[in-house]
Amino acid sequence: AQSVSQHNHHVILSEAASLELGCNYSYGGTVNLFWYVQYPGQHLQLLLKYFSGDPLVKGIKGFEAEFIKSKFSFNLRKPSVQWSDTAEYFCAVNANFGNEKLTFGTGTRLTIIP
Amino acid sequence: GAGVSQSPSNKVTEKGKDVELRCDPISGHTALYWYRQSLGQGLEFLIYFQGNSAPDKSGLPSDRFSAERTGGSVSTLTIQRTQQEDSAVYLCASSLFGASGREETQYFGPGTRLLVL
């Protein structure tokens, strides 16, 4: 069975600080990897995704993530955060052999202090 | 609309009553998923539809939960004899094909917030 770990439950940063949110997954086969974001009062939105190819993927709003297969990791990064990045961030995986159900991490709440 | 829509947005019910939650996927999307987001359990998969059939129901927590999809479009999640532990946000997602080997993204609706008193 797949599992996803997000070790940071709540991260508090000042504006312009750099961000890295950890995501590790457990699965024996090939996976697709996703980061979703949920802004306050809004629904889940896709931030970025990795299916294959270049392990460094860029998403919306200046976010990027790097897939490191040897570490089973897909950490999310942003060089300079803004107050508007305050949200909850979810890492998710599914198996790459079909349009499989997503397995989510528990989420990381990010608070940006102006 | 262009996105996944769900209704109602909020539902308050009494313990023991039945509830129906509706999902309208993105037009043309053949795959539809139900998830549940609750404080204690995070985001959990419930059921997956490919067209009108449900090849994966493994996430339904009990036989009080059922879902159907008609016309390859709208889906209804029904919870019978609701319990307080059913309180959660029920999310629906859809994707284009749901076929093996395709690289697809699931798009989520706004959810239905269910409160069982």
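These values consider heavy atoms only, across backbone and side chains, with no hydrogens, waters or symmetry-generated copies. Below, chain A is the first sequence line, B the second, and so on; all start at residue 1.
The environment of Arg109(A) atom CZ is sparse: at most 12 non-hydrogen atoms of other residues, nucleotides or ligands sit within 6.0 angstrom. Within 6.0 Å of the CD atom in Gln42(A), the count of heavy atoms belonging to other residues, nucleotides or ligands exceeds 12. When the shell of 6.0 Å around CG of Leu117(B) is examined, it contains more than 12 heavy atoms from other residues, nucleotides or ligands.
His43(A) approaches Pro110(B) most closely through the heavy-atom pair CB-CA, 3.4 Å.
Separating the CD atom in Gln38(A) from the CG atom in Leu91(B) is a distance of 7.0 Å, to the nearest 0.5 Å. Interatomic distance, CZ of Phe90(A) versus CZ of Phe108(B), reported as 10.0 Å (0.5 Å rounding). Here CG of Leu44(A) is found 6.0 Å from CD of Gln37(B). Values are rounded to the nearest 0.5 Å.
There is a path of hydrophobic side-chain contacts, each under 4.5 Å, that joins Val4(A) to Phe72(A). No chain of hydrophobic side-chain contacts below 4.5 Å, direct or via other Ile, Leu, Val, Met, Phe, Trp or Tyr residues, connects Leu21(B) to Tyr107(B). At a threshold of 4.5 Å between side-chain heavy atoms, the hydrophobic network of Ile, Leu, Val, Met, Phe, Trp and Tyr places Trp83(A) and Ile12(A) in two separate groups.
With a threshold of 4.5 angstrom between heavy atoms, Leu102(A) approaches chain B through its backbone and through its side chain.
For an aromatic pair to be called close, the ring centres must be under 6.0 Å apart, and Phe104(A) with Phe45(B) fails this.
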Chi angles and distances behind the side chain to side chain contact (heavy atoms under 4.5 Å, CB included) call for Leu43(B), Thr103(A): CA-CA 8 Å; Leu43(B) 270 156; Thr103(A) 299; over 6 Å; no
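Contact check for Gln106(B) versus Tyr36(A): side-chain heavy atoms found under the 4.5 Å cut-off.
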